[in-house]
Amino acid sequence: MTTSPQHSAPMTESGHRYTSALAERIELRWQDRWEAEGTFDAPNPVGDLAADDASPRVDGAKYFIMDMFPYPSGAGLHVGHPLGYIATDVVGRYRRMRGDNVLHALGYDAFGLPAELYAVQTGRHPRETTLENIANMRRQLRRLGLGHDPRRSFATIDPDFVRWTQWIFLQIFNAWYDEDLDRARPISELIAEFENGARDVPGGAVWADLSTKERADVIDGYRLAYLSEAPVNWAPGLGTVLANEEVTADGRSERGNFPVFRRSLKQWQMRITAYADRLLDDLDRVDWPEPVKLMQRNWIGRSHGAHVQFEVPGIDEPIVVFTTRPDTLFGASYMVLAPEHDLVEALTTEVWPEGTDARWTGGAATPAEAIADYRTAAAAKSDVERQENKEKTGVFTGSFAINPVNGERIPVFVADYVLMGYGTGAIMAVPGHDERDFEFAESFGLPTPRVVQGEGEDTLPFTGDGVAVNSANDEVSLDGLTVADAKSRIIAWLEEKGQGEGTTTYRLRDWLFSRQRYWGEPFPIVYDENDVPIALPESMLPVDLPDVPDYSPRTYAPDDAESEPEPPLARVHDWVEVELDLGDGPKTYRRETNTMPNWAGSSWYELRYTDPHNPDRLTDPVNEEYWLGPRTPGATGGVDLYVGGVEHAVLHLLYARFWHKVLHDLGHISSEEPFHRLFNQGYIQAYAYTDARGTYVPADEVTEAEDGTYWYNGERVEREYGKMGKSLKNVVTPDEMYEAYGADTFRVYEMSMGPLDVSRPWETRAVVGSQRFLQRVWRLVVDEETGGVKVTDDALAPATLGVLHRTIDGVRGDMEELRFNTAIAKLIELTNHLTKESVTGRAAIEPLVQMLAPFAPHLAEELWERLGHAETITYTPYPEADPQYLVAAQVTCVVQVQGKVRGKLQVSPDVSDDELTALALAEPNVVRTIDGREIRKVIVRAPKLVNVVV
C-alpha cells in the first residue's frame with residue numbers, strides 16, 4: 001500500500017521527544033491513515049469483499065482470528081477489558097508480516113438483560129442506549145489501534161443479523177436427528193419416510209389415518225427445536241425462566257441474584273442432547289485447553305451402565321433407575337426418587353404403613369403431607385445445594401419396591417440429593433458402597449449390606465475396587481468376579497429376565513431456549529387455531545420487535561414460586577394477533593411472545609464474519625470454506641485462534657458447537673467445529689482499599705509506607721485484591737492511559753505484565769517503564785534535538801550481529817507460542833544493547849522496528865516512514881534469523897520460588913535482569929507454583945539465579 005497524498009511527508013514537531021502528547025499525534029494520524037487506506041481489509045475469494053485486483057493474499061495462507069463477542073456496557077471499558085483484544089491484534093499483525101491473509105473483525109453481542117433493565121429504569125428504548133454504548137466502545141477500541149477489518153463489523157441487533165439468526169432457528173426447527181446416520185436431516189425427509197412406510201410411526205399408527213394435529217404432534221417429537229412441558233428454572237423476581245447454566249451454585253439467578261425455583265412450564269427447547277456423543281468425542285479433535293475440555297466433558301456427563309426396573313406392588317408402572325454400578329444391585333437396601341419425579345404421587349400412600357420409623361415421616365401425620373412439605377422445601381434449593389448438602393434429608397413415600405435380584409421389599413423415599421437432571425431421577429441406594437447413600441442410611445436407620453470386598457478393607461462405605469461378594473441368587477452369581485465382569489454378567493441376566501438393559505446416559509439436558517423478555521430475537525413462529533407451531537417462510541424474515549409500553553416482563557415477589565410468566569410482547573395484542581397467508585388463504589395466527597436468549601447471536605457469529613453483507617446466504621460456501629474449512633483430511637476446520645475468558649467454557653462454547661454441527665449436517669457449511677484453537681487469557685485485576693468503616697477509598701490516592709502499610713488522607717486503610725469496579729473505586733480506564741502515556745505504551749505494558757493466560761495485578765505506576773522503553777527505541781532513530789534521522793548504513797559489529805539474530809530467533813519463537821511478555825523482554829534487551837553500543841546501523845534498527853510493530857504499531861509505522869519507507873509496515877516481511885549468528889554459549893539459570901528450585905532455564909551469559917525475570921515468571925512450573933499469588937519481590941543474579949518471593 002502506498003502513502004496517501006495527505007500524509008506523504010513525515011511529521012515535524014516543535015519538540016522531538018517521544019512524550020504522551022507526541023504519541024497521541026502519531027497514533028491519531030496513523031489510525032486515520034489505516035482507515036482511509038483500508039489497511040486491515042481482508043479480501044474474500046468471492047462476493048462484495050473480494051479484492052478488485054487478483055490479491056496475492058487470497059492465494060496464500062489464511063488466518064482467521066477472533067475475540068469473544070463483547071457486550072457493549074454503558075460503563076465503557078476499564079484497562080482489564082482490552083487485554084485479549086490487544087493480544088489478538090498482536091497475533092494478527094504478526095501473521096500479516098508472515099504473509100498471511102488475516103481476518104480479524106469485532107462485532108457486538110447487543111441483545112440481553114442489562115440493556116433491558118436499563119430501559120426499564122429510564123424508559124429509553126434499549127436499541128437507543130445499546131447503539132450509544134457500541135459507539136463509545138468503538139471509539140475506545142479504535143484509539144487502541146486495533147487492526148480490525150471494519151467492513152465486517154456488526155451487532156446482533158442489526159436487522160440483517162436478526163434475520164439470519166431467525167433463519168438458523170428455522171433450520172433447526174425443520175430438522176431432526178437420524179440416529180442411524182448420526183446426523184441431522186431435514187424434517188421433510190422424515191415426513192416422506194412416514195408417508196411411504198420406510199419408517200414406522202411411533203405407537204404403530206398409520207400416517208395416512210392421522211389428523212393434521214396428530215401428524216404435527218408426531219413430528220414435533222422429532223424436531224431439534226421443540227415445545228415441551230418440562231421442569232424449568234423459574235425466577236419470579238426476574239419474571240423469566242433461565243437455562244441451567246444461568247443459575248448459580250446457591251440456586252439464584254446469575255443476573256440479579258434472585259431465588260430460582262423448579263417449575264413445570266411449556267417452553268422452547270433445543271435438542272442438544274442428540275449431539276451429546278459428538279460434542280464429547282470431537283473435543284479430542286480441537287486444540288483447546290484441557291481444563292475447558294474437562295468442564296465440557298463433565299457437563300455432558302456421559303455414563304455407561306444399566307437401566308433397572310423395580311416393580312412396586314399395586315402400581316402399574318415400575319420405577320426405572322439408571323446405575324453405573326449394576327454389579328452392586330444385591331446391595332440395594334432402599335430407593336430414592338427426586339422430589340420432581342412423575343411417580344411420586346402414585347407412590348405416596350394414604351397412611352403410614354404399620355411400624356414406620358418416625359425418622360422417615362418428617363414429623364407429618366400422613367405421607368401426602370410429608371411429601372408436599374418436602375417438595376416445597378426442595379424447590380427452593382439449587383441443584384448444587386442439593387448435591388453438596390452433607391445433612392441428608394428425605395421422607396418415606398409409604399411404598400415398597402421389589403429388588404429384582406433377590407425379591408426383597410425395600411422402602412422408597414423422596415430425597416433432594418437425587419436430581420431429575422441425571423439418569424431417570426430415581427436411584428437404587430447401595431449404602432455399603434456409596435458415601436451419600438451411606439450418610440442417608442445412617443440418618444434413617446437403614447441397612448448397609450456389603451457386596452464388594454476390597455483386599456484387607458473392612459470399613460463401610462467401601463468405594464474402591466474389589467470383587468463381588470454376597471451377590472448371588474438361584475439363577476446368577478457374581479461372587480468372586482471383578483467389577484467389569486460382574487457388570488457384564490448382571491446386565492446380561494437383567495436383559496434375559498426383562499428387568500433391565502445396558503445403556504448410556506448423560507448429565508446434559510436439552511437447552512432451554514425461551515425467555516420472557518423483550519430485548520431478544522423474536523421467534524419466527526406463529527400458532528394456528530389448534531395451537532400448532534408453524535414456521536414462517538424465509539420471505540417474512542426478519543420478524544421485528546414491536547414497540548411496547550413497558551419493557552419489563554411481569555415480575556413477582558422473589559419467593560412467589562407459583563407465579564406464571566407474562567412476557568412484555570404478550571401485551572402488544574395487535575402484534576400478537578396477525579393475519580397471514582401461509583399457503584391456504586388469509587388466516588389469523590398468534591405470534592410467539594417469548595424471545596430467544598442472548599446466546600442465540602453468539603452461537604453463529606463466526607460464520608457471518610466470513611461474508612457479512614451477503615443478502616442471499618448465511619455465508620457463501622466459497623468464503624466459508626476458505627476461512628473455516630478443514631485444511632487436512634480428518635480435521636474439523638474452524639477459526640484458527642479464538643481468544644476469550646474461561647467463564648464461557650460451558651455456556652457459549654457448547655451452544656456454538658451445537659449450532660455449528662447442525663448447520664454442517666444440513667450442508668450449509670464445510671467445517672465441523674466453530675473454533676479450532678481456543679486460548680483463555682488471564683485477567684487484569686486490581687487492588688482496592690477500605691477504611692475503618694469498610695468503605696472503599698480512591699485507589700489512586702492511596703500511598704504505601706516503608707513498613708508495607710497503606711494510607712489515605714492520613715488514615716490507615718486495608719488492601720484487598722480482586723476485580724476492578726466502580727463500586728471498589730479502583731477503575732482505571734484506557735482513556736486515562738491514552739492521555740497519560742499513549743496507546744502504544746498501554747499496549748506494551750499489558751503484553752509485558754506476565755504470561756497471557758495468567759491473571760496479574762494492575763500497577764499504574766509501572767506503566768512508565770514501558771514508556772521509557774519506547775522512548776529509547778525512538779531515540780535510536782530520531783535525534784531529539786533536531787528531529788532528524790540518526791540511522792546510517794554502517795556495518796554491524798560481530799557482537800551486535802549475534803545479539804540481533806538471537807533476538808530475532810527468540811522473538812519469533814515467542815510470537816508463535818503467544819509468549820508476548822518474554823518477546824518484549826528480548827526486545828528491551830536488544831534495545832539496551834544498541835543504545836549502550838551506540839549502534840546506528842540500519843541493519844539492526846530496522847529489524848527492531850519490525851519486531852516492535854505488532855506491539856507498538858503506531859510508533860513502528862512512524863519510525864518506518866522516517867526510515868524512508870513509503871509503504872505501511874503492516875505487510876513488511878517479519879525478520880528472519882541468520883543461523884550462523886545463533887551459536888552462543890549457554891548457561892543454566894536456576895529458578896526458585898520461596899527458595900525452592902522450581903525450574904531451570906538455558907540462557908545467554910549476557911542475559912539482562914529484565915529478560916531473565918520475564919523468562920523465569922513464564923516458566924510453566926513456576927507459574928503453577930505461584931498459582932496467582934502476589935509476587936512480593938524477584939531477586940535476580942544474572943545469569944545463574946532467579947528467586948521469586950510470594
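What you see below is based on every heavy atom in this structure, not just the backbone, and it leaves out hydrogens, waters and symmetry mates.
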_Any salt bridge linking Asp640 with Lys62? Criterion: basic side-chain nitrogen under 4.0 Å from a carboxylate oxygen._
yes
*Answer yes or no: is there an ion pair linking Arg29 with Glu862, defined by an N-O contact shorter than 4.0 Å?*
yes
*Is the distance between the ring centroids of Tyr749 and Trp762 less than 6.0 Å?*
yes
*asked:* Please confirm whether the ring centroid of His148 lies under 6.0 Å from the ring centroid of Trp34.
replied: no
Side-chain donor or acceptor of [X] paired with backbone N/O of [Y] under 3.5 Å:
X: Arg933; Y: Ile930; result: yes
X: Glu27; Y: Gly742; result: no
X: Glu606; Y: Val639; result: no
X: Tyr738; Y: Arg143; result: no
X: His648; Y: Gly645; result: no

*Parallel, tilted or perpendicular: ring planes of Tyr721 versus Tyr687, cut at 30 and 60 degrees*: tilted
Are side-chain N/O atoms of [X] and [Y] paired as donor and acceptor at under 3.5 Å?
X: Trp599; Y: Glu246; value: yes
X: Asp707; Y: Thr709; value: yes
X: Asn925; Y: Arg902; value: no
X: Tyr696; Y: Glu720; value: yes

*Could you grab the distance from atom OG1 of Thr156 to atom CZ of Phe69, nearest 0.5 Å is fine?*
5.5 Å
_Spacing of Leu283 atom CG and Thr636 atom OG1 [to the nearest 0.5 Å]_ = 10.5 Å
*If you count the non-hydrogen atoms of other residues, nucleotides and ligands that lie under 6.0 Å from CD in Glu816, is the total more than 12?*
yes
*Heavy atoms of other groups near Tyr118 OH, more than 12 under 6.0 Å*: no
_Once salt bridge (Lys or Arg N to Asp or Glu O under 4.0 Å) is applied, what residue pairs with a partner in residues 751-773 remain, sequence neighbours excluded?_
Glu763-Arg765
*Sequence neighbours left out, what passes ring pair (Phe, Tyr, Trp, His ring centres under 6.0 Å) with Tyr689? Give chain and number order.*
Tyr710
*Quick one: closest heavy-atom pair of Val90 and Arg747, and the distance?*
CG2-NH2, 4.2 Å
